[in-house]
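Take a look at the structure below.
No experiment lies behind these values; they were computed from the predicted model shown. In what follows, chains carry the letters A, B, and so on, assigned in the order in which the sequence lines appear, proteins first and then strands, with residues in each chain numbered from 1. Atoms considered below: every heavy atom in the structure, side chains included; atoms not considered: hydrogens, waters and symmetry mates.
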Amino acid sequence: MTGLAQRQAAFLGAILDDEAPLPTGWGDERAPGLAIYRNNYRTSLMEALRSTFERTERLVGEDAFRRAAAHHCIMHPPRSWTLDLVGKGFPETCTELFTHDPDVAELAALEWAMHEAFVARNTKPLTTAGFGEACAKFTEGDWEDLTLTLVPDLRVVGASHDLVRLWSSLAADRAKPDVVPCGEAQCAIVWREGERPVFALRPAWEGAALDAFQRGATFGAVCAALIETLGEEAAIAEAGAMLARWVGEGLVEKLAQGVVASPAVTPLSPFASDSSLSVR
Amino acid sequence: MSAIAPFHGFGLGLRRTHYADFLEGEVDVDFVEVISENYMVEGGKPLRVLEQVREKHPVILHGVSMSIGSAQGLDEDHLSQLRGLADRIDPLWVSDHLCWTRTSAHNSHDLLPLPLTREALDAVCANIDRAQDALGRPMLFENPSSYLTFPEDEMAEWEFLSEMAQRTGCYLLLDINNVYVSAHNHGFSARDYIAGLPLDRVRQIHLAGHEPGEIIIDTHDRAVSGGVWELYADTIAQLGPVATMIERDDKIPPLAELLAELELARSLGRGNAGAIAA
Ligand SMILES: [Fe+2]
């Protein structure tokens, strides 16, 4: 390592770790300057986390959030050039730290998904008319082999709590969080409508289906998994309705066929009806 | 490497709280400067806003993450994304800071000071050559504010900047507040510093507010101080007209307040030194 590289490694080490001794050759007169750099580092990460996870902070309170954020920055010091990624992994940190309150990590995961969706690549989703035209001449085999390219802003987040109620209840400071467990397994799907990230609660099997399509599964494979979860009759009705709903919501970018190997789709989670709440 | 022609005018940094002012109204500025990294994203609102602002005003891309002083060289992903943004926006110029922000292991997301050694100068010059090559254009580099110096320093910061500009063909972004802050913190003369710079390489000036104290902190959260205005007036008397802007990054006031402050810079630019007392 060159002298400069050594100097930079020691300096950054001293910024990251409050307890680190002053780098070699530094007298105490440099301690106040180092303290300013340490403070700048902590403040900028903390502010980045606070702005991305504003509702999570309201849910747990400022002190608990500060501790969680500090823990996150110590365990996962930033590596990327962009401050936008400082919050990557923070939902997992919340899972570790708030073991008895799974709603905290769920809300953090939702905020992170909204944060990512905000600046995802722009696309022109398939319109309902375009979709109708494309599949007008589909044979049964075409349906079987159909794969979907979903829009790049789409995210699926697990939800064991009513995240719509929780989200709305934390819209302003000093709000009282409304934490209500879901009866059945749910998920929140996040996407961007124009420039605004939005989300809606859906049954967990719908999230699993989106996830399977994102990994390249065919419509045939997803339907087979749905049948195992919902039974044949319900699965056939739901599969078509679900696809039409996604197209209507602008979640599908394009259709394709003839993918050679579709990844295996495991049975999807239990069906919970009448759960399509949206906060759009 | 092509040259950057001087551009004379007065501008402001584009901040999110003022998006509507810039999109919906006619703001009296000659250019706007944006933090490049805020727009180095794949899509969505920030890029759309920047493109619309660009239709109304010349734009300067001012970066904070190039880490031109890193011993391990530049981040190629950062460079290629910056190139993409520059191609899209066609800015007046692209700038960053004389500093380092990261090692190969971690990123501080802060503008850290460099030891002023020949070794650091060689590393900086090699990195600037790479950056200018990757961007296909010369860049501006800004003098930093700093809170400590290194025992191994071999030269003054203005000597470092002079040789850097001469060796790489880059230009300088002179932050008058940073000179003022560092001069106070490290006990040198701000006027000697400016007199020691190759002023013909300066294409832009930054003005900003700081927090006074035993160590002055470069906070950008308040109005430009009287001492900085005086130093600015002295500098442009030597330099002539140069693109000048006010940076406010925290406790951002309504746009009208910043425009009023910019008016003082314009007035000083017309040679009206009496404006400072007003
Ligand atoms: Fe500056």
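Side-chain N/O atoms of B:S146 and B:H186 include a donor and acceptor closer than 3.5 Å. Neither side chain, A:T123 nor A:E253, offers a donor N or O lying under 3.5 Å from an acceptor on the other.
Using a 4.5 Å cut-off between heavy atoms, A:D84 contacts chain B through its side chain alone, with no backbone atom that close. Using a 4.5 Å cut-off between heavy atoms, B:Q81 touches chain A through its side chain atoms alone. Proximity to chain B (any heavy atom under 4.5 Å) is restricted, for A:S80, to the backbone atoms N, CA, C and O. Contacts of B:T149 with chain A are made by both backbone and side-chain atoms, with heavy-atom separations under 4.5 Å. If you measure heavy-atom distances from A:L83 to chain B, the contacts under 4.5 Å come from both the backbone and the side chain. For B:M40, the parts sitting under 4.5 Å from any heavy atom of chain A are the backbone and the side chain alike. In this structure, chain B has heavy atoms under 4.5 Å from both the backbone and the side chain of A:L4. Of the two parts of B:L47, neither the backbone nor the side chain holds a non-hydrogen atom closer than 4.5 Å to a non-hydrogen atom of chain A. Looking at B:T117, there are no atoms closer than 4.5 Å to chain A (heavy atoms on both sides), in backbone or side chain.
Taking the six-membered ring where tryptophan is involved, the planes of A:F11 and B:W100 are perpendicular, since the angle between them exceeds 60° and thus also 30°. Using bins of under 30°, 30° to 60° and over 60° for the plane-to-plane angle, the ring pair B:H210/B:Y180 lands in the parallel bin.
In terms of non-hydrogen atom pairs under 4.5 Å with chain B, the most contact-rich of A:R30, A:R121, A:R192 is A:R30. Interface check for chain B: of the options A:G194, A:G13, A:S44, A:G33, the most heavy-atom pairs under 4.5 Å are formed by A:G33. When B:E42, B:K45, B:H109 are compared by the number of non-hydrogen pairs under 4.5 Å with chain A, B:H109 comes out ahead. Highest contact tally toward chain A, considering only B:P113, B:A120, B:P115, is held by B:P113 [criterion: heavy-atom pairs under 4.5 Å].
Under a 3.5 Å cut-off, the side chain of B:E247 and the backbone N or O of B:G13 do not form any donor-acceptor pair.
Inter-residue side-chain proximity for B:N143 and B:V179 is flagged as met; some heavy-atom pair is nearer than 4.5 Å. Looking at heavy atoms from C-beta onward, A:V86 lies out of side-chain contact with A:H76 at the 4.5 angstrom threshold.
A cation-pi arrangement is absent between B:R102 and A:W81, since the terminal nitrogen or guanidinium carbon is not both under 6.0 Å from the aromatic centre and inside a 45° cone about the axis.
In B:R48, the CZ atom is crowded: over 12 heavy atoms of neighbouring residues, nucleotides or ligands sit closer than 6.0 Å.
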